[in-house]
Amino acid sequence: MNKIDVLKEQIEKAKKIVISTHVSPDGDAIGSSLGLYHYLINIGKSVTVIVPNEFPTFLKWMPKTDEIFVYEGNEEEGKKITEAADLIFSLDYNEPHRTAMYSKTLEASNAYKVVIDHHIGEPTWQNLNLSVVGASSTCELIFDTIVALSSEEYINQDIAYSLYSGLLTDTGSFQFSATTPKVHIIAASLLSKGVQPDLVHNHILNSFSESRLKFFGFCINKKMKIVAEKKLAYIFLTKKELNSYSLGVGGTEGLVNEPMKISDIDISILFKQDKDKIKISFRSKKDIDISKFASAYFEGGGHKNASGGVSYLTIEETEKKLLLLINKI
Ligand SMILES: [Mn+2]
């Protein structure tokens, strides 16, 4: 049996389905989850989307975001829903630890587990893996999955808005190298289902508060450091600086991309001080595989040109470590 037939059988059998995403869900995580959610609801299934923690306000316009179950703060109910599920989708992540506070509950479940993701990784914990490493987005893969399970006719306007949002955010508005001809063909199909591109763009990208834009200005003006010979820009932000602007959930989203607008910058790194660690975002241009650097020295991973990582040192020590190691990039 091919993978799609296996999935089809599991969906038909399933009485309760859970769709889960990684911690701090982004546009692709929410878009792919809602896209699949609408499809499964439309074919008559009982489905809950569970996110580990809150997601940004600029994603809350998508159809049925109010139905998304936020695990953090509702753990008891979240455990019950997960225990009752006989089929669980893991979208936009491929290791349970990426779900942070939800991971124990997820791992305790006996449900049939399906991973659909595009990040680097070779997971072995699931029952079925429909991931394509290097694909533009999980939304692209959900489009393919729905078409393979049913047909393009099943993609209605709600699904189209959800999937288009993830395509847009994960390709940086169709600019990153994973923006293949196929991505544009999918985008065209979604537009033909009634998606208004300007509306999505305004909701997601032109939705800054005045305070958030001023914060971006502060980061570029006062905090950005350049290592010209390495074509590297980096920003360190203390907890205090992050708290002194009313940013809300997802307020630093996209900040790491700002230095990439400089023609002489090929690498951008953002360090954000958190409770007990420093969260790191890496971006690179062209053939520079920043995920290798992120995983070798900062417990990171992700994509060739976009990775995450973490440091348990102080800001001063982390900066020292970075400057010592930049020749390894
Ligand atoms: Mn993604």
Side-chain angles (χ1 to χ4, degrees), residues 1-21 25 27-52 55 59-71 74 77-93 99 102 105-106 108-117 126-132 137-167 186 189-195:
M1 237 190 338
N2 72 35
K3 286 183 176 182
I4 284 295
D5 289 333
V6 173
L7 178 60
K8 204 173 202 167
E9 196 179 273
Q10 290 299 327
I11 291 172
E12 274 163 17
K13 273 204 313 212
K15 294 205 165 51
K16 299 267 181 205
I17 300 175
V18 161
I19 299 170
S20 64
T21 76
D28 190 33
I30 298 294
S32 60
S33 296
L34 285 176
L36 182 62
Y37 170 86
H38 288 295
Y39 166 75
L40 292 171
I41 292 285
N42 291 345
I43 61 168
K45 306 309 294 189
S46 167
V47 193
T48 309
V49 175
I50 298 185
V51 295
F55 55 99
L59 298 173
K60 292 200 172 165
W61 58 276
M62 277 186 249
K64 297 289 180 204
T65 41
D66 50 335
E67 298 279 314
I68 293 176
F69 183 91
V70 181
Y71 184 77
N74 305 291
E77 203 188 336
K79 275 179 197 152
K80 273 186 204 150
I81 298 169
T82 308
E83 267 167 31
D86 39 20
L87 174 59
I88 297 182
F89 286 91
S90 294
L91 301 191
D92 207 36
Y93 71 92
T99 65
Y102 181 59
T105 302
L106 174 71
S109 151
N110 294 317
Y112 189 88
K113 297 193 178 88
V114 180
V115 173
I116 307 180
D117 184 32
Q126 75 290 342
N127 300 100
L128 182 66
N129 186 9
L130 291 168
S131 300
V132 179
S137 55
T138 301
C139 282
E140 174 181 339
L141 304 178
I142 293 299
F143 181 92
D144 290 344
T145 303
I146 295 173
V147 171
L149 286 169
S150 296
S151 78
E152 215 169 309
E153 276 172 45
Y154 281 71
I155 310 238
N156 64 12
Q157 190 173 304
D158 287 349
I159 298 174
Y161 265 116
S162 309
L163 298 183
Y164 190 89
S165 301
L167 275 190
I186 293 173
S189 166
L190 300 176
L191 293 179
S192 76
K193 303 287 183 176
V195 168

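Start at 1 with the first residue, then count along the sequence.
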| message | With a sphere of 6.0 Å drawn around NZ of Lys3, does it hold more than 12 non-hydrogen atoms of other residues, nucleotides or ligands? | response | yes
| Are more than 12 heavy atoms from other residues, nucleotides or ligands located less than 6.0 Å from atom NZ of Lys16? | no
| task | Please name the residue in the list Asn42, Val147, Ile146 that meets the side chain to side chain contact (heavy atoms under 4.5 Å, CB included) test with Tyr154. | result | Ile146
| query | So which of Ile116, Leu34, Leu36 actually passes side chain to side chain contact (heavy atoms under 4.5 Å, CB included) with Ile19? | reply | Leu36
Value rounded to 0.5 Å, distance of [atom1] in [X] from [atom2] in [Y]:
{"X": "Gln10", "Y": "Asn127", "atom1": "CD", "atom2": "CG", "result": "7.5 Å"}
{"X": "Phe55", "Y": "Ile30", "atom1": "CZ", "atom2": "CD1", "result": "4.5 Å"}
{"X": "Glu77", "Y": "Phe69", "atom1": "CD", "atom2": "CZ", "result": "4.5 Å"}
{"X": "Ile81", "Y": "Ser109", "atom1": "CD1", "atom2": "OG", "result": "12.5 Å"}
{"X": "Ile155", "Y": "Ile142", "atom1": "CD1", "atom2": "CD1", "result": "10.0 Å"}
{"X": "Ser20", "Y": "Leu91", "atom1": "OG", "atom2": "CG", "result": "6.5 Å"}

| Any residue meeting salt bridge (Lys or Arg N to Asp or Glu O under 4.0 Å) with Lys80, in chain and number order, not counting sequence neighbours | none
Student check: side-chain heavy atoms of [X] and [Y] closer than 4.5 Å:
{"X": "Thr105", "Y": "Ile50", "result": "no"}
{"X": "Glu67", "Y": "Tyr37", "result": "yes"}
{"X": "Ser33", "Y": "Ile68", "result": "no"}
{"X": "Thr21", "Y": "Asp92", "result": "no"}
{"X": "Phe89", "Y": "Val47", "result": "no"}
{"X": "Asp144", "Y": "Ile186", "result": "yes"}
{"X": "Leu141", "Y": "Leu130", "result": "no"}
{"X": "Phe143", "Y": "Ile159", "result": "no"}

For a quick test of reading the model, state the closest non-hydrogen atom pair linking [X] to [Y] and the distance between them.
{"X": "Tyr161", "Y": "Gly194", "answer": "OH-O, 3.6 Å"}
{"X": "Glu152", "Y": "Ser189", "answer": "OE2-OG, 2.7 Å"}
{"X": "Lys193", "Y": "Glu153", "answer": "NZ-CA, 4.0 Å"}
{"X": "Ser162", "Y": "Cys139", "answer": "O-SG, 4.0 Å"}
{"X": "Leu59", "Y": "Thr65", "answer": "O-CG2, 3.3 Å"}

Donor-acceptor under 3.5 Å ([X] side chain, [Y] main chain):
{"X": "His38", "Y": "Pro63", "value": "yes"}
{"X": "Asp28", "Y": "Ser137", "value": "no"}
{"X": "Lys45", "Y": "Ile11", "value": "yes"}

Quick one about [Y] and [X] (side-chain donor to acceptor, distance below 3.5 Å, no hydrogens or angles considered), yes or no?
{"X": "Gln126", "Y": "Ser90", "answer": "no"}
{"X": "Tyr71", "Y": "Thr99", "answer": "no"}
{"X": "Tyr39", "Y": "Ser150", "answer": "yes"}

| Any residue meeting side chain to side chain contact (heavy atoms under 4.5 Å, CB included) with Ile4, in chain and number order, not counting sequence neighbours | Asn2, Thr145, Ala148, Leu149
